[in-house]
Amino acid sequence: MDPFKNRQWVVVLIIISVGIIFSFRLFYIQVINKDWSERASQITSKTENIQPPRGFIYDRNNQLLVGAETIYDIYIHPSIIKPKDSSAICKLFNLSSDDFQEIIKNASSGYNVPYKPSVFIESMTQQEHAKISPYLGQINAVFAKSKIDRGYPNPIAAHLLGYIRRIDEDQFKNTKEKGDFFYTKNDFIGITGLEKQYEFLLRGERGNINYLKDYAGNKIETVHKKPPKPGMSLYTTLDIELQKLGEKLMANKIGSIVAIEPSSGEVLAMVSAPSYNPSSLTGRDFSDNFKVLKKNDSLKPLINRPVYNDKYRPGSIFKLVQALIALDDGVISPETGFSCNKNIIGCHNHERPNNLTKAIKHSCNPYFFQVYKRLIMKDNSKNVFQTSREGLKIWEQKIKSFGFGNSLGIDLPEEKSGFIPDVDFYDKWYGKKRWAFSTIYSNSIGEGEIGVSPIQMANLASIIANRGYYYTPHVIKKIANENILKKFKIKHSTCVDKKHFEVVVKAMNEVVNQGTGRNARIDSIEVCGKTGTVENKTFNDHSVFISFAPMDNPQIAIAVYVEYGTWGSKWAAPIASLMMESFIKGSLSEKSIEKANQISQAVILNPNTDLK
Amino acid sequence: MKYRNLSIWRNIDKPLLIMYLLLSVIGYFIMYSSTFKGLHIQSDFWSANYGKQLIWIIITLFAGFFILLLDGSFIKNTAYFTYGFILLLLILVLLMPPIKGARSWFYFSGFSIQPSEFIKLTLSLSIAKLLSDVGSRFQEFRTKLKAFFMIIIPALLIAVQPDPGTMLVFACFIFVLYREGLSGNFLLIGLFTVLIAVVGIFLKASNSVFYLAGSAISGNIFFGLILILGFIFSFLIIRYFVLPRYRKQKIQRLIIITLLGLSISGGINYVYDSVFSERHRTRFQIMFGIKEDRKGAGYNIYQALSAVGSGEGFGKGYLKGTLSNDKYKHVPEQNTDFIFCVLAEEWGFLGSFIFISLYLSTLIRMILIAERQRSKFTRIYGYCVSAILFFHFMINIAMVIGLAPVIGIPLPFFSKGGSAILSFGLMVFILLRLDSERKVVLR
């Protein structure tokens, strides 16, 4: 007999015990301990957000103002670089070998790992990409991925459109506190203009995708997908051609143009000069360009003057409002005459203002001094201080019904209210009972403490064109397929009766035909306008002009403000005239084109502050 | 008596045949899943990995059929010749250019041959022949020496390639020799060595620090182990009292064991510090859970464990794995050394348990077959086959489920690789053939 026969059981026992140990171990890692299973889903499954495309912005004729631009991120995949590739990469991207080593180092350290591709050139433009794309195919380790950025096929209206920027820490916190959980730290958010005003509509709704990935992170199989909802498109009230012309005319100048369609309150053009190319605040060069624009502090190219700058004194255009209120109050009639007494307040030589029309036509300062005096000091039996208080109170309320002193409510986030001095203001300034008409008379001709923004000036032109009412100026006509908000369809009436407007309209027509605004005449169109020359102590006076046309069926109301433009008639009037001609006739005459080019080339800046 | 060969179909061991075929079929399907890239990807079946594997399986079945027609004595008589032939190939293969850093393959256009897979078969036959030859007795020192050299020469040649996984398998012959009368002490020494090695490496890898008499002794295994051995020593001193006539023998053994333990632990200390590279040290530290290096040295094992763990109780279903197949490739070497991941992921604990049961049943069946032989040659050969497959199974699965450091070794009948499929298949068919003659011949 074999003495070792029983040893077979030792061997069998060893085999069985290994089986038992393995089974227990497997039971532990597969059934009891869920860590490995969880880790498995971490390494296989990935959820990614899908960015919704931001809504586009169009002009009133459905021409694209803000669209999408394809840009490219260039990726490098260090672990598959072949020796011959490195020299090709250096040559293609114009890199020194040190630069290249640095890139490889960056792509292999920190968040990046060599076996996964990472970005080494961000946001390459289409032109740049076109130059290198034929060679990219030959290098496996380098490739381009496209993404979408804001694109501006018509690079105009930068201020009105506004810009977007990556959300900063404070904004991120703010949105979270407000219960808005849309944003991630990589998202862009509207900072100014329409981009900010309609951020919630433009941004759309985020989608997401859950997929299984392979060892290198490639998407293999989609498990769940929620498509993003694109942002809504905005249809603005702007007219691209008019806006372009306005920006051309305002080149090399500081100031604003606002054009409104009086019958609806739609803003046809809104120019803020100096301006910038809106596409410079996109993509990779954002921060460089932004710094340059921000640093240019004397010209302040980033502010939207038409709505933001409410410190402008309106000058002589304010005489129109004074006249209307005085007529309505009955303190003057159209036939009221005053002498042009230059001792009270300065004026230029003109025919005797023996009626209101002539006074407006020649913009007579002493005349409106008297008008304002009658408005403020109604009851001469009373103490001057007391009657001035009462008069100013009434006057202030009436002025405000023309949209001054308060925000109009335009759909732009930057709008400021302007300022109409009231009793409280002067009480604080001078002390109670220590001021009277004689202290505040410069308000009569739109100087003094009054502050008005260009949009309010244009709105005044619109009110007169409408003979007594206005719609809140707005820049959005349609959102996706829905028409504009109801609040833009409310008719705001002034406190002045309609019948008083005709006199003023006629007078404005005379201003253009025979008076101070002859530079604004347009062949075969009856234009109404009013010049303004706003005193400026540092340099030339500012040039202001408000206007509308045609007189009897106004299609456009406009306000032009050219800082340092010397007289209202010198720069503002011809600019307004060209804008109106272009809009009403659809094009400019040859003479006008020449004029437009001349104006465009004229440089009007303050040598003391602007040309450093 | 030759005509009785025809009765092979009646005498063949059907349970083993069925088990073998079952393992081959399951193995093939798992291997198919491991190289699966998705149904929509159309590629030429026969040039893909699973196509080549099928060709090898068909070749193996034909070869097996041919072997069943051979006479058992022919197999026995040619054992030394085939052993010598493969040994020659093992020498020649060292002249081949290395693939993945090892000179293990003869590469022909399209397919490759790995002689180290075949040496296991021929070595088994040669050992069986050596120990069963009339006139050779295992108790003689000469026979032991011959057997030792017969095993150690190919093992060393494989170590040179280098292929440590396959080399490790040669240790399995200790079971065969144990069954044939090698002192059980060798088995115990083996176990003892493994135990001390594990404790020793653990202490080294974890940089343990011991406090003795108030002073800190740097995390050296020496003291820890000497303390253990001292304990055993004093324990055996007490045993002194039992029977005086055994004392001398006991003391001798104690001294031998103590010296062995000391030299093993000292050896490990030296090997760990001087022979191992940082990569090996990291592998051990990861295995003991001392260090995490999920992107580097620990990548394979963490990915493998994730795949195994994600199978949970009942698995994700065939071809529905999301980690270990070729579509996702989260597990490296998923169709060779880590192929068990595919099974564990897609069939869960249930499938894994059935797999382990079937596999080990097959091995036990081989032992039982070996034990029923009148022929010593067949018995020894049966033990050899069972032990070789057992070692492959044990090392491979232990590695995948994190019980052993990562060592490259295929899982027989499952892993991709023609040489292994053919070699393991031939082993089983030869056993079937020899067993079918159990009633006929007495060798």
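Reminder, nothing fancy here: chain letters follow the sequence lines and each chain counts from 1.
In terms of modelled atom types and a separation under 3.5 Å, the side chain of Gln30(A) and the main chain of Phe349(B) share a donor-acceptor contact. Within the 3.5 Å criterion, the main-chain N or O of Lys213(A) finds a donor-acceptor partner in the side chain of His330(B).
Of the listed residues (Ile16(A), Leu26(A), Ile15(A), Asn33(A)), the one with the most heavy-atom contacts under 4.5 Å to chain B is Ile15(A). In terms of non-hydrogen atom pairs under 4.5 Å with chain A, the most contact-rich of Ala307(B), Ser386(B), Ser310(B) is Ser310(B).
In this structure, Arg39(A) and Tyr302(B) approach most closely via the heavy-atom pair NH2-CB, 3.4 Å. Gly309(B) and Trp36(A) get closest at one heavy-atom pair: CA-CB, 3.9 Å. Smallest separation of non-hydrogen atoms from Thr44(A) and Thr322(B): CG2-O, 3.2 Å.
Annotation: side chain of Tyr178(B) is in contact with side chain of Val10(A) (closest heavy-atom distance under 4.5 Å). Counting only heavy atoms from C-beta outward, the side chains of Val331(B) and Tyr215(A) never approach each other to under 4.5 Å. Side-chain contact check for Phe355(B) versus Phe22(A): every heavy-atom pair is 4.5 Å or farther apart. Ile220(A) is listed as a side-chain neighbour of Tyr328(B), based on a closest heavy-atom distance under 4.5 Å. Here the side chains of Phe390(B) and Val11(A) are not in contact, with every heavy-atom distance at 4.5 Å or above. Counting only heavy atoms from C-beta outward, the side chains of Ile21(A) and Leu403(B) approach each other to under 4.5 Å.
Looking at Tyr359(B), neither its backbone nor its side chain comes within 4.5 Å of chain A, counting heavy atoms on both sides. Within the 4.5 angstrom heavy-atom criterion, only backbone atoms of Leu182(B) (N, CA, C, O) approach chain A. Using a 4.5 Å cut-off between heavy atoms, Ile14(A) touches chain B through backbone and side chain atoms alike. Proximity to chain A is limited to the backbone of Glu180(B), based on heavy atoms less than 4.5 angstrom apart. For Phe340(B), the part lying under 4.5 angstrom from a heavy atom of chain A is the side chain only. Within the 4.5 angstrom heavy-atom criterion, only side-chain atoms of Ile356(B), from C-beta onward, approach chain A. Neither the backbone nor the side chain of Ala370(B) comes within contact range of chain A; no heavy atom of the residue lies under 4.5 Å from a heavy atom of that chain. With a 4.5 Å cut-off on non-hydrogen atoms, Ala344(B) touches chain A through its backbone and its side chain both.
Gln8(A) and Arg379(B) are not linked by any side-chain donor-acceptor pair at a separation below 3.5 angstrom, with hydrogens and angles left out of the test.
With Phe4(A) as the aromatic partner, Arg179(B) does not meet the cation-pi criteria of under 6.0 angstrom to the ring centre and within 45 degrees of the ring axis.
To the nearest 0.5 Å, the span separating OG on Ser23(A) from CD1 on Ile354(B) amounts to 11.0 Å. Note that CD1 of Ile367(B) is 10.0 Å distant from CH2 of Trp9(A), once rounded to the nearest 0.5 Å. Separation of atoms CG (Asp35(A)) and CG (Leu305(B)) is listed at 11.0 Å; rounding is to 0.5 Å. Note: Leu323(B) CG to Leu212(A) CG = 9.0 Å, rounded to the nearest 0.5 Å. Distance check: Glu38(A) CD to Ser306(B) OG gives 11.0 Å after rounding to the nearest 0.5 Å.
More than 12 heavy atoms of other residues, nucleotides or ligands lie within 6.0 Å of CZ in Phe172(A), so this atom counts as buried by the packing criterion. Other residues, nucleotides and ligands contribute at most 12 non-hydrogen atoms within 6.0 Å of the NZ atom of Lys229(A). Other residues, nucleotides and ligands contribute more than 12 heavy atoms inside 6.0 Å of the CG atom of Asp180(A). Enclosure of atom NZ in Lys105(A) is not indicated, since only 12 or fewer non-hydrogen atoms of other residues, nucleotides or ligands lie within 6.0 angstrom. More than 12 heavy atoms of other residues, nucleotides or ligands lie within 6.0 Å of CZ in Phe182(A), so this atom counts as buried by the packing criterion.
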